[in-house]
Undergrad: 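This structure is in structure tokens; I'll ask about it shortly.
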Amino acid sequence: MAPTVPLAVLALVALVAPGLGVAPGCDYPPHRWCSSRDTAVACQVESRCPSLPRPAAAPVELSLFYESLCPACREFLVLELFPTWLLLPEEMLNITLVPYGNAQERNVSGKWDFQCQHGPEECLGNMMEACLMHEAKNFSTYFAVIFCLESGSSVTKNLEACLQIYAPEVDSGRISACVQGDTGMALMHHNAQLTEALDPPHQYVPWITINGKHTDELQAQAEASLLGLVCHLYQGEKPEVCGGSKAPKIPSGCRR
């Protein structure tokens, strides 16, 4: 008994074949035209193959320029950014954290010296988080620890406790060595360069860029409901959590 040809394929053949011929480069029989995306593209019938998986969409790219002791930075990271990251599939949101903010750097006898808006402790907190990122490398690991630091009573005194809870495999000694050595200085200088290269220049922190851009509207939308903004911007298939969400309004940031 001859194999049965699906009705969808027969309809496809009827639509494409009469008078049109086969697309150049299509070396497949009609019953295979919808077998894969590459085949459908080669046979120029992609739009007529509804069962094909949709191509992966690019993630929304978010960069957060912040400083470790700025109250508004801590609130955005803890109340908006971290929960949104937890709720969404990994492929929807790509986050870059740049701890530096409104700091200033200067070269003193060949070494970088940093002055921070909220004092030396903030400089220490910025460098600890930069060194944590450098040592842990995996975003899921270091973001959980940074969330722990920023949501706790002290950003600079809770590293050991946060590592024990969220990343016991990360050696705190290596982070301390980074903070006290040339690597920490180099990381902070790099963050200073990233911050100074912002266009438009940052006027306050937290300073948020979405897909490489910053506007007052994007900043306001991110602060009001980051989950809603990412769900709106993402071009791929959206999860159920994108049905709608409202988060608390974040207070104004730490101005320069």
Side-chain angles (χ1 to χ4, degrees), residues 61-78 81-82 85 94-163 166-167 170-209 212 214 219 253-256:
E61 300 281 345
L62 183 148
S63 294
L64 175 64
F65 295 81
Y66 71 106
E67 51 198 29
S68 62
L69 299 189
C70 168
C73 297
R74 297 176 73 174
E75 289 190 48
F76 177 75
L77 191 151
V78 170
L81 187 58
F82 190 75
W85 174 73
N94 187 36
I95 300 170
T96 300
L97 301 174
V98 186
Y100 185 79
N102 297 330
Q104 300 290 325
E105 71 169 356
R106 58 177 182 163
N107 192 315
V108 179
S109 302
K111 290 186 175 293
W112 294 111
D113 178 71
F114 301 96
Q115 302 291 322
C116 295
Q117 184 173 15
H118 298 92
E121 187 178 6
E122 180 165 80
C123 283
L124 175 60
N126 290 345
M127 192 175 293
M128 284 176 58
E129 293 185 5
C131 284
L132 169 64
M133 288 186 256
H134 177 73
E135 293 297 332
K137 294 181 173 56
N138 180 274
F139 181 83
S140 298
T141 300
Y142 66 69
F143 193 28
V145 178
I146 289 175
F147 164 78
C148 179
L149 294 173
E150 294 291 343
S151 60
S153 57
S154 172
V155 172
T156 58
K157 294 183 175 67
N158 291 340
L159 179 62
E160 286 283 357
C162 289
L163 285 175
Y166 291 103
V170 177
D171 183 359
S172 62
R174 291 180 63 87
I175 296 174
S176 297
C178 171
V179 169
Q180 297 167 12
D182 293 339
T183 300
M185 289 292 182
L187 292 171
M188 291 312 301
H189 175 58
H190 178 65
N191 286 353
Q193 290 180 308
L194 292 176
T195 304
E196 291 304 314
L198 284 167
D199 184 17
H202 86 285
Q203 301 170 19
Y204 51 82
V205 288
W207 188 262
I208 303 159
T209 68
H214 175 93
Q219 179 87 21
C254 297
R255 296 194 170 271
R256 305 182 76 171

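Numbering starts at 1 and runs along the sequence shown.
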Undergrad: Return yes when atom CG of Asn107 has more than 12 non-hydrogen atoms of other residues, nucleotides or ligands closer than 6.0 Å, and no otherwise.
TA: yes
Undergrad: Roughly how far, to the nearest 0.5 Å, is OH of Tyr66 from CG of Asn191?
TA: 8.5 Å
Undergrad: Which atoms form the tightest heavy-atom contact between Cys116 and Asn126, and what is the distance?
TA: SG-ND2, 3.9 Å
Undergrad: Taking all heavy atoms of Met127 and all of Val179, pick out the closest pair and write down the distance.
TA: SD-O, 3.1 Å
Undergrad: May I have the step-by-step check of side chain to side chain contact (heavy atoms under 4.5 Å, CB included) for Phe65 and Leu194, ending in yes or no?
TA: CA-CA 9 Å; Phe65 295 81; Leu194 292 176; 4.3 Å; yes
Undergrad: Kindly give the heavy-atom pair with the smallest separation between Leu149 and Val155, and that separation in Å.
TA: CD2-O, 3.4 Å
Undergrad: Just so I know, are the side chains of Ile146 and Met133 near enough to count as touching, which here means a heavy-atom distance under 4.5 Å?
TA: yes
Undergrad: Are the aromatic rings of Tyr100 and Trp207 close, with centres under 6.0 Å apart?
TA: no
Undergrad: Please report the shortest heavy-atom distance between Glu121 and Thr156, naming the atom on each side.
TA: OE2-OG1, 2.8 Å
Undergrad: Taking Gln219 for the side chain and Pro206 for the main chain, is one N or O donor matched with an acceptor at less than 3.5 Å?
TA: yes
Undergrad: For Cys73, check disulfide (SG to SG under 2.5 Å) against everything at least two apart and list the hits.
TA: none
Undergrad: Which label fits Phe147 and Phe82: parallel for a plane angle under 30°, tilted from 30 to 60°, or perpendicular past 60°?
TA: parallel
Undergrad: Can you find a side-chain donor-acceptor pair between Asn102 and His202 that sits under 3.5 Å?
TA: yes
Undergrad: Starting from the C-alpha separation in whole Å, work towards a yes-or-no answer on side chain to side chain contact (heavy atoms under 4.5 Å, CB included) for Ile208 and Leu64.
TA: CA-CA 5 Å; Ile208 303 159; Leu64 175 64; 4.1 Å; yes
Undergrad: Sort and list the pairs that fulfil salt bridge (Lys or Arg N to Asp or Glu O under 4.0 Å) and have at least one residue in residues 122-137, not counting sequence neighbours.
TA: Glu135-Arg174
Undergrad: Tyr142 vs Phe139 aromatic rings, parallel, tilted or perpendicular, using cut-offs 30° and 60°?
TA: perpendicular
Undergrad: Side chain to side chain contact (heavy atoms under 4.5 Å, CB included), that's the test. Do Val98 and Thr195 meet it? Break it down for me.
TA: CA-CA 8 Å; Val98 186; Thr195 304; 3.9 Å; yes
Undergrad: Can you tell me if Asp113 and Gln115 form a side-chain donor-acceptor pair at under 3.5 Å?
TA: yes
Undergrad: Classify the ring geometry between Tyr204 and His214 as parallel (under 30°), tilted (30 to 60°) or perpendicular (over 60°).
TA: perpendicular
Undergrad: Can you tell me how far apart CG (Leu163) and CG (Asp171) are? Round to the nearest 0.5 Å.
TA: 9.0 Å
Undergrad: CG of Leu62 to OG1 of Thr209: how many Å apart, nearest 0.5 Å?
TA: 6.5 Å
